[in-house]
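Here's the structure, in structure tokens; my notes come after.
Remember, it's 1-based here, ligands and their atoms both numbered in the order they're listed. Position 1 is the first residue of the sequence; numbering continues from there.
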Amino acid sequence: MSNYICVGGQWGDEGKGRIVDILSEKSDIVVRYQGGNNAGHTLVVDGVRTVLHLIPSGILHKHIVCVIAPGVVIDPEVLLQEIDTLNARGVVTDPSRLLLSPTAHVIFPFHKKLDLAREKARGSEKIGTTGRGIGPAYEEKVGRRGIRLYELFDKKHLAQRIRDACVFVNTILNALDAETFSGHEIEEMIERYSQHAQRLKPFVCDIHGFLQRARTERKRILFEGAQGALLDVDHGTYPYVTSSNCVAGHAAAGSGDGFARHAKVVLVTKCYATRVGSGPFPTELHDDVGENLRQKGAEFGATTGRPRRCGWLDMKALKYACEIHGADLLAITKLDILAEMPTIKVCIGYEIDGVAVGHFPWNPEDLARVRPVYREFAGFGPLASNMNNRSDLPKEAQEYLSFIEDYCGVHIALVSTGPQRGAELSEF
Ligand code: IMP
């Protein structure tokens with residue numbers, strides 16, 4: 001029996017939703033344990049495209065129970081909207097299929113306003129956040145001022161917590177020269193959020209107890225990571241990162257299921273690289289090749305619609321990601337996007353001022369200065385639609401994949417060759 005942790009090996013947007021969808025067939029429970037609705041997991045099932053930001057992608061499988069664990073930050077308005085959309089599409093999303101942790105922290109409108117005001121104040125130094133209030137919500141959590149989901153159920157208590165939070169937030173907004181929350185807006189927020197609370201209450205349960213029972217019943221658990229290794233707040237390209245730990249090790253901490261550490265880690269990476277938002281990106285392409293990747297790969301943010309920055313695969317960064325995640329298996333996505341390119345480049349090392357850099361740079365200044373050293377691979381033609389395993393791929397594509405595998409020292413268990421379910425060569 002295998003439990004899995006599915007994580008991103010780059011700067012997010014690696015196609016994790018797709019892999020979670022595949023692994024869900026072999027799971028009973030899917031758990032999200034970090035991040036919030038900054039994520040955007042896109043799935044194409046029977047030609048219908050679904051983008052989920054908060055609810056685990058496993059919801060599209062009827063047998064799966066989805067869990068939003070304590071480490072996630074929840075925007076109730078986004079969550080209710082997703083619940084309504086899924087139900088309207090006939091995907092049953094009720095308390096028998098979706099469980100929420102009472103101790104997950106809640107995103108309020110003031111977190112979003114703070115997020116946007118801080119970004120504006122940073123000017124050219126902006127992080128390029130998704131503007132969803134993720135950073136400020138995690139800050140409040142770590143600052144021990146945050147409001148947890150269960151606190152929404154007692155209206156009097158909630159009212160006091162929101163009023164207190166707004167005093168604090170208004171001081172910061174004032175200092176940032178941004179519009180503050182009026183008394184009327186605050187009272188309206190209290191009313192709205194206590195209504196949301198009534199709708200969400202039936203979904204809330206003891207997640208710790210649920211997961212431990214699931215363990216004793218030998219249920220198969222899949223932990224769904226959001227964002228990617230290089231956006232991790234401790235190990236990514238700080239400060240151009242998100243505000244949570246995206247590494248696989250955090251599946252145990254964010255879910256409260258310590259046994260998650262025994263799960264197999266599946267690292268998902270595209271066969272080229274993308275990044276949304278600011279921050280160093282050594283292999284970024286500013287030419288027609290980059291534009292071609294963006295158009296052919298539909299590289300536009302699932303959450304914000306922003307065009308993604310595109311470039312060649314960076315093995316130095318990928319190997320680092322394998323190490324900090326503790327990757328057991330690799331899943332390579334979007335091989336079809338590289339098809340018909342005359343040549344394919346891969347970064348195999350970095351230099352600064354002509355001197356080789358041994359480690360993955362830990363500060364953004366050095367990472368911004370590195371010059372990638374490339375190895376060139378022959379391109380390959382269009383991919384056939386009737387392939388069953390890797391040996392059916394064009395020889396040049398097989399060589400490219402074997403190189404990735406050897407460099408990382410991690411076996412490739414899946415290669416996706418198209419956006420729709422079934423277009424993959426999978427050992428799962
Ligand atoms: P935040 O998470 O909204 O604070 O954004 C911080 C950084 O992480 C920005 O560069 C975002 O573009 C990036 N980011 C956050 N979530 C995702 C994601 O799911 N995919 C790709 N990038 C993300």
- Message: Pairs of nitrogen or oxygen atoms closer than 3.5 Å, one from N38 and one from ligand 1: do any exist?
- Response: yes
- Report the nearest protein non-hydrogen atom to atom 20 (N) of ligand 1: residue, atom name, distance rounded to 0.1 Å. D13 OD1, 3.1 Å
- Query: Going by the atom numbers of ligand 1, which of them fall below 4.0 Å from some non-hydrogen atom of L231?
  - Reply: 8 (O), 13 (C), 14 (N), 22 (N), 23 (C)
- Message: Any nitrogen or oxygen of T130, side chain or backbone, less than 3.5 Å from one on ligand 1?
- Response: yes
- Message: Check for me whether T304 has a heavy atom closer than 4.0 Å to any atom of ligand 1.
- Response: no
- In the protein, which heavy atom is nearest to atom 6 (C) of ligand 1, and how far is it? V241 O, 3.3 Å
- Task: Decide side chain to side chain donor-acceptor pair (under 3.5 Å) for Q227 and T242; before the verdict, give the C-alpha distance in whole Å, the side-chain angles of both, and the deciding distance to 0.1 Å.
- Result: CA-CA 8 Å; Q227 291 82 48; T242 191; 4.6 Å; no
- Message: Could you check whether any heavy atom of G128 sits closer than 4.0 Å to an atom of ligand 1, since that is the contact criterion I want to use?
- Response: yes
- Numbering as shown, the atoms of ligand 1 that approach G277 to under 4.0 Å (heavy-atom distance): 10 (O)
- Message: Could you check whether Y4 and F223 have their ring centres less than 6.0 Å apart?
- Response: no
- Task: Name the closest protein heavy atom to atom 12 (O) of ligand 1, giving the residue it belongs to and the distance to 0.1 Å.
- Result: R306 NH2, 3.0 Å
- Message: Pair E77, Q81 - check side chain to side chain donor-acceptor pair (under 3.5 Å), show working.
- Response: CA-CA 6 Å; E77 314 211 301; Q81 205 171 41; over 6 Å; no
- Task: May I ask you to check whether W11 and Y240 place their ring centres under 6.0 Å from each other?
- Result: no
- Item | Proximity winner for atom 10 (O) of ligand 1, if only heavy atoms of N37, V276, T237 are counted | V276
- Using distance alone, with no hydrogens and no angle criterion, decide if S278 and R309 have a side-chain donor and acceptor under 3.5 Å apart. no
- K296 NZ: over 12 foreign heavy atoms closer than 6.0 Å: yes
- Message: Please compare L230, T129, I127 and report which has the shortest non-hydrogen distance to atom 5 (O) of ligand 1.
- Response: T129
- atom 2 (O) of ligand 1 [closest protein heavy-atom partner, distance rounded to 0.1 Å]: T242 OG1, 2.6 Å
- Best match, A39, G8, G12: closest heavy atom to atom 19 (O) of ligand 1: A39
- Message: The test is side chain to side chain donor-acceptor pair (under 3.5 Å); show your working for H411 and E427 and say whether it passes.
- Response: CA-CA 11 Å; H411 177 64; E427 294 172 12; 2.8 Å; yes
- Query: Would you call A226 a ligand 1 contact, heavy-atom distance under 4.0 Å?
  - Reply: no
- Aromatic contact, Y400 with F380 (centres under 6.0 Å): no
- Is E299 salt-bridged to R294, going by a charged N under 4.0 Å from an acidic O? no
- Item | Stacked cation flag K319 on F360, 6.0 angstrom / 45 deg | no
- Does any N or O atom in S243 lie less than 3.5 angstrom from one in ligand 1, N or O only? no
- Query: Considering only heavy atoms of W11, which atoms of ligand 1 have at least one such atom less than 4.0 Å away?
  - Reply: 21 (C), 22 (N)
- Item | Donor + acceptor pair across side chains of S244, Q34 (<3.5 Å) | yes
- Message: Below 4.0 Å from ligand 1: does a non-hydrogen atom of R275 turn up there or not?
- Response: no
- Report yes or no: does a heavy atom of R132 sit under 4.0 Å from some atom of ligand 1? no
